[in-house]
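To start, the structure under review is shown below, and the notes come after it.
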Amino acid sequence: MKDFNFFSKKLITWYSSHKRNLPWRGIYDPYKIWISEVILQQTRVTQGLKYYNRFIKRFPDIESLAGVEEQEVLKYWQGLGYYSRARNLHRTAKTIMDKYNGVFPKDYYTILKLKGIGEYTASSITSFAWNMPHPTVDGNVFRFLSRLFAIDCPIDTIKGKNHFTELAIQLMDKSKARIFNHAIMEFGALQCIPSSPDCTVCSFKSVCLAYINHTVVQYPVKQYRTKIKEIYFYYFHIHDSDHLYLNMRKEKGIWQNLFEFPLIESDILMDFQQLSNTDQFRLWFPKKHIYHFELIVKNQKHILSHRILYAYFYKVFMKRIPNSFDTFKKVKLMEIDKYPIHRLMQFYLGKILPFNRFISTFE
DNA sequence: AAGACGGGGAG
DNA sequence: CTCCCAGTCTT
């Protein structure tokens, strides 16, 4: 269709004068590239930056990452979201130690089999570390290419993915995969931005089909929309002057392996009367003991990509800690920093603890 | 093919 | 509010 080498050249020229200075640029260590790419999955550069620096400082290589407990890896991921990324990072570090003698595999398809590494990340690692000609097709690339060629095929379908990947392969100067991939993503991130891009200064305005047709706003095309469900979380903060009673979320789902107060989840809004009639409540707080409940936080809205959850925090006072609390993890207040917690717990602890030193270490 | 999985920032 | 971010895994 066009002179593809023209695009590659033009893109790289643009990149050389517009690129941002980022800590994972100009690095050829596959480990560091891997960490940076996983952190940046569905995450903005500005948000991931401090996590990257802190993570690399604590886990400078595969061996150091594989050698710790998952809990510590999650602690360094606390607040970033999509926690399966951290769990998979840890798991894959162990796999590389066990199966590949601690050396990061160099074959694309071997890398692709590792947990938490998909096509995008495998392409990033192989192209950035070894200049292998695999295209990095991320959100930036989807957007840029969909506009440049006015592609109506939805990007969130198998067909769309394949189409854009093929296009990126054809556009790429195979001998310059590393800089081409950096350039095309940077272009999408800085010039061909999602909303109101300044097309008047774009290097491709003379050939961009969407710009020529005045249809830039229509691209990229998406087929699916995530539907959002509302849920209600009722937390119990057991009163104790110098301890917290926590549970680890073991089940698959939101916040797996993170710590939180004993919790009753519900699809519906419940007042205290209804709550106290649930099986879980009666198990934790049997009638033979005297309790006093105080509602500290009411209807706290917490938004996830696919859920809106409303949280209630009850503080529980009692004469003596009953045996039914033995299943909870009793954590010294001073040691809360060792336990990975989600934003909602951080919010509550920040509210009730007079000194924010308890949760300040990782912020 | 469709949904699950966080959190934050921009408009 | 809505959209989207250097996506991947599960069913």
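Below, read A as the first sequence line, B as the second, and so on, with proteins coming before strands; counting in each chain starts at 1. Any value given below was found using the heavy atoms of this structure, including those in side chains, with hydrogens, waters and symmetry copies removed.
We find that A:E72 and A:K75 are not joined by a salt bridge, their nearest charged nitrogen and carboxylate oxygen being 4.0 Å or further apart. Using a cut-off of 4.0 Å between Lys/Arg side-chain N and Asp/Glu carboxylate O, A:E119 and A:K161 are scored as not salt-bridged. A:E69 has no carboxylate O lying under 4.0 Å from a charged side-chain N of A:K338, or vice versa, which leaves the two without a salt bridge.
Using a 4.0 Å heavy-atom cutoff across all strands shown, A:R20 reaches at least one base atom of the nucleic acid.
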Distance-only criterion, 3.5 Å: show the donor-acceptor pairs between side-chain atoms of residues 298-314 of chain A and protein atoms not counting sequence neighbours.
{"residue": "A:N299", "atom": "OD1", "partner": "A:Y312", "partner atom": "OH", "Å": "3.2"}
{"residue": "A:Y310", "atom": "OH", "partner": "A:E230", "partner atom": "OE2", "Å": "3.3"}

Pairs of donor and acceptor atoms involving the side chains of residues 93-115 of chain A, under 3.5 Å and at least two apart or interchain, shall be tabulated with distances.
{"residue": "A:K94", "atom": "NZ", "partner": "A:A66", "partner atom": "O", "Å": "3.2"}
{"residue": "A:T95", "atom": "OG1", "partner": "A:R91", "partner atom": "O", "Å": "3.0"}
{"residue": "A:D107", "atom": "OD2", "partner": "A:Y109", "partner atom": "N", "Å": "3.3"}
{"residue": "A:D107", "atom": "OD2", "partner": "A:T110", "partner atom": "N", "Å": "3.0"}
{"residue": "A:D107", "atom": "OD2", "partner": "A:T110", "partner atom": "OG1", "Å": "2.9"}

Run the side-chain donor-acceptor check on residues 272-281 of chain A: report pairs under 3.5 Å with partners two or more places apart or on a different chain.
{"residue": "A:Q274", "atom": "OE1", "partner": "A:D271", "partner atom": "N", "Å": "2.9"}
{"residue": "A:S276", "atom": "OG", "partner": "A:F272", "partner atom": "O", "Å": "3.1"}
{"residue": "A:S276", "atom": "OG", "partner": "A:Q273", "partner atom": "O", "Å": "2.8"}
{"residue": "A:N277", "atom": "ND2", "partner": "A:Q273", "partner atom": "O", "Å": "3.3"}
{"residue": "A:T278", "atom": "OG1", "partner": "A:L275", "partner atom": "O", "Å": "2.7"}
{"residue": "A:T278", "atom": "OG1", "partner": "A:F281", "partner atom": "N", "Å": "3.4"}
{"residue": "A:Q280", "atom": "OE1", "partner": "A:W284", "partner atom": "NE1", "Å": "3.2"}

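The span of DNA chain C lying next to chain A, judged by atoms under 4.0 Å from heavy atoms, is bounded 5' to 3' by C:dC1 to C:dT10.
A:V217 pairs by the side chain to side chain contact (heavy atoms under 4.5 Å, CB included) definition with nothing, not counting sequence neighbours. Every residue was checked against the salt bridge (Lys or Arg N to Asp or Glu O under 4.0 Å) condition with A:R320, not counting sequence neighbours, and none meets it.
Through ILVMFWY side-chain contacts below 4.5 Å, A:I212 is grouped with nothing and stands alone. By the 4.5 Å side-chain criterion applied to Ile, Leu, Val, Met, Phe, Trp and Tyr, A:I169 is assigned to no cluster and stands alone. The hydrophobic cluster containing A:Y211, built from Ile/Leu/Val/Met/Phe/Trp/Tyr side-chain heavy atoms closer than 4.5 Å, also comprises A:V216.
The cationic group of A:R54 lies under 6.0 Å from the six-membered ring centre of A:Y51 and within 45° of the ring axis, placing it in a cation-pi geometry.
DNA chain C is contacted by no residue of residues 259-268 of chain A, taking any non-hydrogen atom closer than 4.0 Å. Shown for residues 108-127 of chain A: no residue has heavy atoms falling under 4.0 angstrom of DNA chain B.
In this structure, CZ of A:R225 is placed 18 Å from C1' of B:dA1, rounded to the nearest angstrom.
C:dT10 and B:dG6: their P atoms are spaced 14 Å apart (whole Å). One P atom belongs to B:dA4, the other to C:dA6, and the distance between them is 24 Å to the nearest Å.
Among A:R249, A:R87, A:K250, the one residue that satisfies the side-chain hydrogen bond (donor to acceptor under 3.5 Å, both in side chains) test with A:Q256 is A:R87.
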For a quick check, with a 4.0 angstrom heavy-atom cut-off, what is the B/S/- contact string for nucleotides 4-11 of chain B, read 5' to 3'?
SBBBBB-S

